[in-house]
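Working notes, beginning with the structure itself.
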Amino acid sequence: MEQNQKLSHWINVYNVYSIKLIVDNYPINSIQDIHQSFELRFIPVDKQLVSLNYIEKEILSKTLDERIHFAINCASISCPNINRQAFYGDIIDSQLEAAAHAFINDVSKMTFLKEK
């Protein structure tokens with residue numbers, strides 16, 4: 001599988017399974033309400049079960065494309081909004097650029113710490 005196809009595939013897998021985790025545990029207030037949510041091995045890959053963290057750290061992070069962090073949705077309000085369409089290998093570069101631009105310019109994602 002071509003590199004861009006692999007990248008888009010794994011971003012899509014991550015996003016679908018983060019939503020599945022929420023749906024399977026509904027009603028909850030946060031993904032953090034699920035014990036070890038990112039370490040749960042529930043995603044079938046090559047006859048084994050892997051976690052969201054495995055996909056992020058062992059597969060996606062190894063692409064060395066930092067923009068993946070603007071594309072994966074961890075089912076938390078502070079995360080990038082989930083893309084309304086799947087990621088596709090032939091347009092992944094422009095999709096990642098758009099995701100990064102959208103997140104950086106989304107004022108709802110900005111948190112400022114006040115000095116005490």
Side-chain angles (χ1 to χ4, degrees):
M1 191 184 299
E2 183 209 335
Q3 190 62 28
N4 286 348
Q5 294 292 66
K6 285 181 185 178
L7 179 58
S8 60
H9 168 80
W10 287 111
I11 290 171
N12 293 330
V13 168
Y14 185 99
N15 288 339
V16 165
Y17 279 96
S18 68
I19 292 170
K20 180 177 179 4
L21 185 60
I22 295 297
V23 170
D24 288 350
N25 289 277
Y26 187 82
I28 56 173
N29 291 321
S30 166
I31 195 167
Q32 299 297 331
D33 293 343
I34 304 167
H35 182 68
Q36 294 189 323
S37 53
F38 296 100
E39 295 300 331
L40 289 175
R41 294 179 181 194
F42 71 103
I43 305 163
V45 174
D46 294 332
K47 299 180 182 178
Q48 64 179 350
L49 297 176
V50 301
S51 68
L52 291 170
N53 267 349
Y54 179 86
I55 292 172
E56 180 182 358
K57 294 179 179 22
E58 298 300 323
I59 299 172
L60 288 171
S61 290
K62 300 222 169 148
T63 68
L64 303 178
D65 191 331
E66 298 85 7
R67 298 174 301 170
I68 63 162
H69 299 288
F70 300 115
I72 58 176
N73 180 282
C74 66
S76 176
I77 196 143
S78 62
C79 288
N81 295 332
I82 195 150
N83 206 12
R84 291 184 178 253
Q85 69 176 15
F87 286 86
Y88 296 97
D90 57 341
I91 58 171
I92 189 75
D93 192 58
S94 62
Q95 287 180 301
L96 290 173
E97 283 296 315
H101 181 77
F103 183 80
I104 290 167
N105 290 292
D106 185 347
V107 295
S108 73
K109 304 299 182 188
M110 295 181 194
T111 303
F112 299 96
L113 299 175
K114 295 182 182 179
E115 287 187 38
K116 292 184 179 183

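Count residues from 1 along the sequence.
Distance check: I91 CD1 to L96 CG gives 10.0 Å after rounding to the nearest 0.5 Å. Note that OH of Y54 is 12.5 Å distant from CD of E39, once rounded to the nearest 0.5 Å.
N73 contributes a side-chain N or O that, together with a main-chain N or O of P80, makes up a donor-acceptor pair within less than 3.5 Å. Between the side chain of N15 and the backbone N or O of N12, no donor-acceptor pair lies under 3.5 Å. Between the side chain of S8 and the main chain of I92, no donor-acceptor pair closer than 3.5 Å is present. In this structure, Q95 contributes its side chain and A86 its backbone to a donor-acceptor pair below 3.5 Å. Counting only distance, with no hydrogens or angles, the side chain of S61 and the backbone of E56 share a donor-acceptor pair below 3.5 Å. At least one donor-acceptor pair under 3.5 Å links the side chain of K109 to the backbone N or O of C79.
Residues D33 and N25 are not in side-chain contact: their nearest non-hydrogen atoms beyond the backbone lie 4.5 Å or more apart. By the 4.5 Å heavy-atom criterion applied to side chains, P44 and Y17 are counted as neighbours. Using a 4.5 Å heavy-atom cutoff, the side chains of L40 and H35 are not in contact. Residues T63 and K6 form no side-chain contact, since every pair of their non-hydrogen atoms from C-beta on lies 4.5 Å or further apart.
Listed by chain and residue number, nothing satisfies the ring-ring contact (aromatic ring centres under 6.0 Å, His included) test with F87 (two or more places apart in sequence, or in another chain).
Each of I28, V16, I31 was evaluated against L21; a single residue qualifies, I31, per the side-chain contact (heavy atoms from CB on, under 4.5 Å) test.
Looking at every heavy atom in both residues, Q32 comes nearest to F38 through NE2-CE1, 3.8 Å. Scanning both residues, F70 and A99, for their nearest heavy atoms gives O-CB, 3.3 Å.
Hydrophobic clustering (ILVMFWY, side-chain heavy atoms < 4.5 Å, transitive): I34 and L52 are in one cluster.
When hydrophobic side chains of Ile, Leu, Val, Met, Phe, Trp and Tyr are connected at separations under 4.5 Å, L49 ends up as a singleton with no cluster partners.
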* Going through the distances and angles, do D106 and S108 end up as a side chain to side chain donor-acceptor pair (under 3.5 Å)? -> CA-CA 5 Å; D106 185 347; S108 73; 2.6 Å; yes

